[in-house]
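See below for the structure under consideration.
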Protein chains: 2
Amino acid sequence: MQETEAEFLKKYDRREYLAPLMTVDAAIFTFHGGKLLVLLTERCEHPEKGKWALPGGFVDEEKDASLEEAIQRKLQEKTGVKAPYIEQLISVGNNQRDARGWSVTVVYTALVALQSCQSFVDNVSDVRWEMYEEALKMDLAFDHIEIMKAARERLKQKALYSMVPAYALPEEFTLPELQHCLEVLIDKPIQKKSFRRRVEQADLMEEVGLRSADKKGRPSMAYRLKEGVKDFTFIRNLDA
Amino acid sequence: MQETEAEFLKKYDRREYLAPLMTVDAAIFTFHGGKLLVLLTERCEHPEKGKWALPGGFVDEEKDASLEEAIQRKLQEKTGVKAPYIEQLISVGNNQRDARGWSVTVVYTALVALQSCQSFVDNVSDVRWEMYEEALKMDLAFDHIEIMKAARERLKQKALYSMVPAYALPEEFTLPELQHCLEVLIDKPIQKKSFRRRVEQADLMEEVGLRSADKKGRPSMAYRLKEGVKDFTFIRNLDA
DNA sequence: ACATATAGTGTCATTAGGACACTATATAAA
DNA sequence: TTTATATAGTGTCCTAATGACACTATATGT
């Protein structure tokens, strides 16, 4: 006799399967003082207690309806950061990465403006922005060093063919600032003219008036991303 | 008094967390008779019993040391396909996609040569190669239609800037065959000359002699991928 | 032989982008 | 006030990639 789906689900007990631990983590970057920064939290529990790690944690079946909700909730709770344009990077799962056993993490990555969360981060001791170059030398929890490197690499690729790094800057920024940000991300100088041609072609920014001259030299024009611009890609590579 | 990590792990019981169901699935494509084909398996159990689905299944903590091993094992067991250059596509997780509850799937995708697994697929009734265009109209299990579309889109992007589609062809192939394959993948004609320039520049294939003329017209040169070529990318887009 | 079908090449025009000199406009110092 | 210098921004040439498309090459079939 055929079992119906309703009958199947009624007797079905998920506890019969010991599923792997399921976490979400986020590699969140910003740009400040000419440096790329990455957001870290200190682990307050075993395993890896006391080590710094990418913010994240267990998916909560009650609180989260999806992986996207889970990572937004975890980020918000732990660091105060809201990352509207967060993007899935990769998933890592094996029986080695967590001492508690088979573990899977779905990793997200985003660029955010420092201003959007500075006050929160400044006021708690277990969250901080670390310079990426320094974070590379740290003994991060689990396999988070490798994950962070993968996120950094993705960022580099994005910077080669898009203007995404604008998200890491304040709402208003100048083209020299954006160019410098890109140069840090791709780790090589960009021709000023090439860069500006691409900005013009992309037609994604609007002028918001001259920046008051706080330093020597000609003042630069300030821009902001046009309304409704969420993501955008150039056809060709910068340098490469 | 501080708890040590060893003490923590000793008393730690994973069954206290009800982790989401953890599966791996694969969108496997090939190219045959001028058409893009996708590999499907028929579900033999509830839920979605009797529906066709992307091959995949639960991660087995005993058998699999990692997600990569899990997807290779599942593919092999269910379809006989070995996909050496399989690639992670995306992970999907929410409380809607599986009637059994919160479920996460890590999706992989690959292009394989039909020959490498034809006999297996021919001999079992619950596995088949379906034309992609037809599969689109099917009522696949879970959210597999959306996942399949995402994999198709990734394939299209890859075809625009790489020669990866060569993996979907027999070991020896002609340039007109490869061009046609690319045209199907990106769904638009390619300039013959542009295509051949790129093949030459890439320097990834070697001649293996003239193809015997089975049809009208000048016979074409057969090629194979050079030894050691695994993945390769062009700088610029085809058409776009 | 000649029509036709398919494979493969030659070549020109367009365009993206690197190189780099040039102009523009500010502050600081003489 | 002039001049030095620093930074912003533009003009212009050269090269490389590639789209467009006509051309040559080599097979089959009548």
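Computed from heavy atoms alone, side chains included, the values below leave out hydrogens, waters and symmetry copies. The chains referred to below are lettered A, B, ... by the order of the sequence lines, with proteins before strands, and numbering in each begins at 1.
In this entry the distance linking NZ of B/Lys215 with P of D/dA27 reads 14 Å, nearest Å. The separation between A/Lys193 atom NZ and D/dG9 atom P is 12 Å, rounded to whole Å. Atom C1' of nucleotide C/dA24 and atom CG of A/Leu210 are separated by 12 Å, given to the nearest angstrom. Between A/His180 atom NE2 and D/dA8 atom P the separation is 11 Å, expressed in whole Å. When rounded to the nearest whole Å, the span between CZ of B/Arg197 and C1' of C/dA13 equals 12 Å. Between the CD atom of B/Gln201 and the P atom of D/dG19 there is a distance of 12 Å, given to the nearest Å. At whole-Å resolution of the value, CZ in A/Phe195 and P in C/dA19 are 17 Å apart. Atom CZ of A/Arg211 and atom C1' of D/dG9 are 16 Å apart (whole Å).
Nearest heavy-atom pair, B/Glu183 versus B/Ile190, reported as atom, atom and distance to 0.1 Å: OE2-N, 2.9 Å.
For the pair A/Lys192 and B/Thr174, both in contact range of DNA chain C, the more 5′-proximal nearest nucleotide belongs to B/Thr174.
Contact annotation: A/Arg218 does not reach the phosphate of D/dG9 (side-chain N/O to OP1 or OP2, under 4.0 Å). Contact between the side-chain N/O atoms of B/Gln191 and the OP1/OP2 oxygens of D/dT18 is not found at any separation under 4.0 Å.
Residues A/Gln179 and A/Lys192 meet the side-chain proximity criterion, which asks for heavy atoms closer than 4.5 Å. Using a 4.5 Å heavy-atom cutoff, the side chains of A/Gln76 and A/Val81 are not in contact.
If you check C/dG17, D/dG29, D/dG9 against the side chain of B/Lys216, the one that comes closest is D/dG29. The A/Arg198 side chain lies nearest to C/dG17 when the options are C/dG17, C/dA5, D/dA8.
Between B/Tyr85 and B/Tyr167, the two ring planes are tilted [angle within 30° to 60°].
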